[in-house]
J.: 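This is the structure, below, for whatever I ask next.
Quick caveat, the model's predicted, so the values are computed rather than measured. Below, chain A is the first sequence line, B the second, and so on; all start at residue 1.
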Number of protein chains: 2
Amino acid sequence: MNAKDKKIYLAKANVLKALSHPTRLWMAEQLEGGERCVCEFVDAVGVDFSTVSKHLAVLKQAGIVEDEKRGKKVFYRLKVPCVLKFMSCIESVIGSERFCGCP
Amino acid sequence: MNAKDKKIYLAKANVLKALSHPTRLWMAEQLEGGERCVCEFVDAVGVDFSTVSKHLAVLKQAGIVEDEKRGKKVFYRLKVPCVLKFMSCIESVIGSERFCGCP
DNA sequence: TTCTTACTTGGCAAAATAGCCAAATGTTCA
DNA sequence: TGAACATTTGGCTATTTTGCCAAGTAAGAA
């Protein structure tokens, strides 16, 4: 790995890192169904408004989502929808680890 | 998000988290070309032996790679190759952020 | 203009992560 | 057996991440 490679892999890893939090991943998947405002996520996720806002900022900074203010609300939508295409594969990984909902 | 959803998204996020480090992502991609022993990574990455070993342990714990000891060496290989299928998409994300090698 | 709604930002403490060093383990070779 | 090699583990510190609270901003309503 030379310096240029390091930069590229750092950039790629940052995109993955943005998706590697349960709340952020869940929100990104919700956006597959179309744009949502911040308040909708706050209601559904059950954490502080500021926490949701910061999570969305991470996804935005990574280039995964974009936002638009309309009136009092800010709507977020997927900028690069393919980012969730590989979820069936991720599911097969956790499947291979015999993940289940059991206690 | 109920308790079961939380568990599932935590598990999925863990797989992504395992890949969200430049060194681990690079190593996972190298494994697409076939198995490698730890020492090969140490030489290429330029970081401590113990650090490489710990990174590989993270990938293993996530279910992405598996290892096999043969003689003195431990070989790692991809357990779920599809995990890297979405890299072209990740590249399009960093492309959309106008990522380049420039300073 | 003031109030309320819908956010974002700054600050902080707790927890997790990264990478180094030193020590321990397991395997082959002399 | 003992030395050398390949790797893992434990321990430590520096850095990053997370999530809450409080304060700040922007837009529409009264």
J.: For A/E68, which of A/R36, A/R77, A/K60 qualifies under salt bridge (charged side-chain N to carboxylate O under 4.0 Å, His left out)?
T.: A/R77

J.: Measure from NZ on B/K69 to P on C/dT25 and round the result to the nearest Å.
T.: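 After rounding, the gap between these two atoms is 13 Å.
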
J.: Select from A/V47 and B/L56 the residue whose nearest nucleotide in DNA chain D is closer to the 5' end of that strand.
T.: B/L56

J.: B/R70 CZ to C/dT28 P: how many Å, rounded?
T.: 12 Å

J.: Can you see which heavy atom on B/S20 is nearest to which on A/S20, and at what distance?
T.: OG-OG, 4.0 Å

J.: Report yes if a side-chain nitrogen or oxygen of A/R24 is closer than 4.0 Å to either non-bridging phosphate oxygen (OP1 or OP2) of D/dT18; otherwise report no.
T.: yes

J.: Is any side-chain nitrogen or oxygen of A/K54 closer than 4.0 Å to OP1 or OP2 of C/dC7?
T.: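 It does not, given that no N or O in the side chain of A/K54 lies less than 4.0 Å from OP1 or OP2 of C/dC7.
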
J.: Using whole Å, what does the distance between atom P of nucleotide D/dT8 and atom CZ of B/F41 come to?
T.: 12 Å

J.: Tell me whether the OP1 or OP2 atom of D/dC20 has a side-chain N or O from A/T51 closer than 4.0 Å.
T.: yes

J.: Using whole Å, what does the distance between atom P of nucleotide C/dA16 and atom CG of B/N14 come to?
T.: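 In whole Å, C/dA16 P and B/N14 CG are 12 Å from each other.
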
J.: Between A/L16 (CG) and C/dT17 (C1'), how many Å, whole number?
T.: 17 Å

J.: Grab the two heavy atoms, one from B/V15 and one from B/A62, that are nearest each other, plus how far apart they are.
T.: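 Where B/V15 meets B/A62 most closely, the heavy atoms are CG2-O, 4.1 Å.
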
J.: From CG of B/D43 over to P of D/dA6, roughly how many Å is that when rounded to an integer?
T.: 10 Å

J.: Checking the side chain of B/R24 only, and the main-chain atoms of B/A18 only, is there a donor and an acceptor separated by less than 3.5 Å?
T.: yes

J.: More 5' along DNA chain C: B/T23 or A/C37, using each one's nearest nucleotide?
T.: A/C37

J.: Are OP1 or OP2 of C/dG26 and a side-chain N or O of B/K73 less than 4.0 angstrom apart?
T.: no

J.: Could you please name the option among C/dA6, D/dT18, C/dA18 that lies closest to any side-chain atom of A/H21?
T.: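 Nearest to the side-chain atoms of A/H21, counting from C-beta on, is D/dT18.
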
J.: Please tell me if B/Y76 has a side-chain N or O lying less than 4.0 Å from either OP1 or OP2 of D/dA6.
T.: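 No, no such contact exists.
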
J.: If I take atom CG in residue B/D48 and atom P in nucleotide D/dT13, what distance separates them, rounded to the nearest angstrom?
T.: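 After rounding, the reported distance stands at 18 Å.
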
J.: Please state whether the rings of A/F41 and A/W26 are parallel, tilted or perpendicular, taking 30° and 60° as the class boundaries.
T.: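 A/F41 vs A/W26 ring planes: perpendicular.
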
J.: Taking only N and O in the side chain of A/H55, is any of them less than 4.0 Å away from OP1 or OP2 of D/dT17?
T.: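 No, because none of the side-chain N or O atoms of A/H55 sits under 4.0 Å from OP1 or OP2 of D/dT17.
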
J.: Please confirm whether any donor atom in the side chain of A/S50 sits under 3.5 Å from an acceptor in the base of C/dC7, or the reverse.
T.: no

J.: Rounded to whole angstroms, how far apart are CD on A/E68 and C1' on D/dA27?
T.: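 For the pair A/E68 CD and D/dA27 C1', the rounded distance is 15 Å.
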
J.: Between C/dT9, D/dT7, C/dT5, spot the one nearest the side chain of A/S53, thanks.
T.: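 It is C/dT9.
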
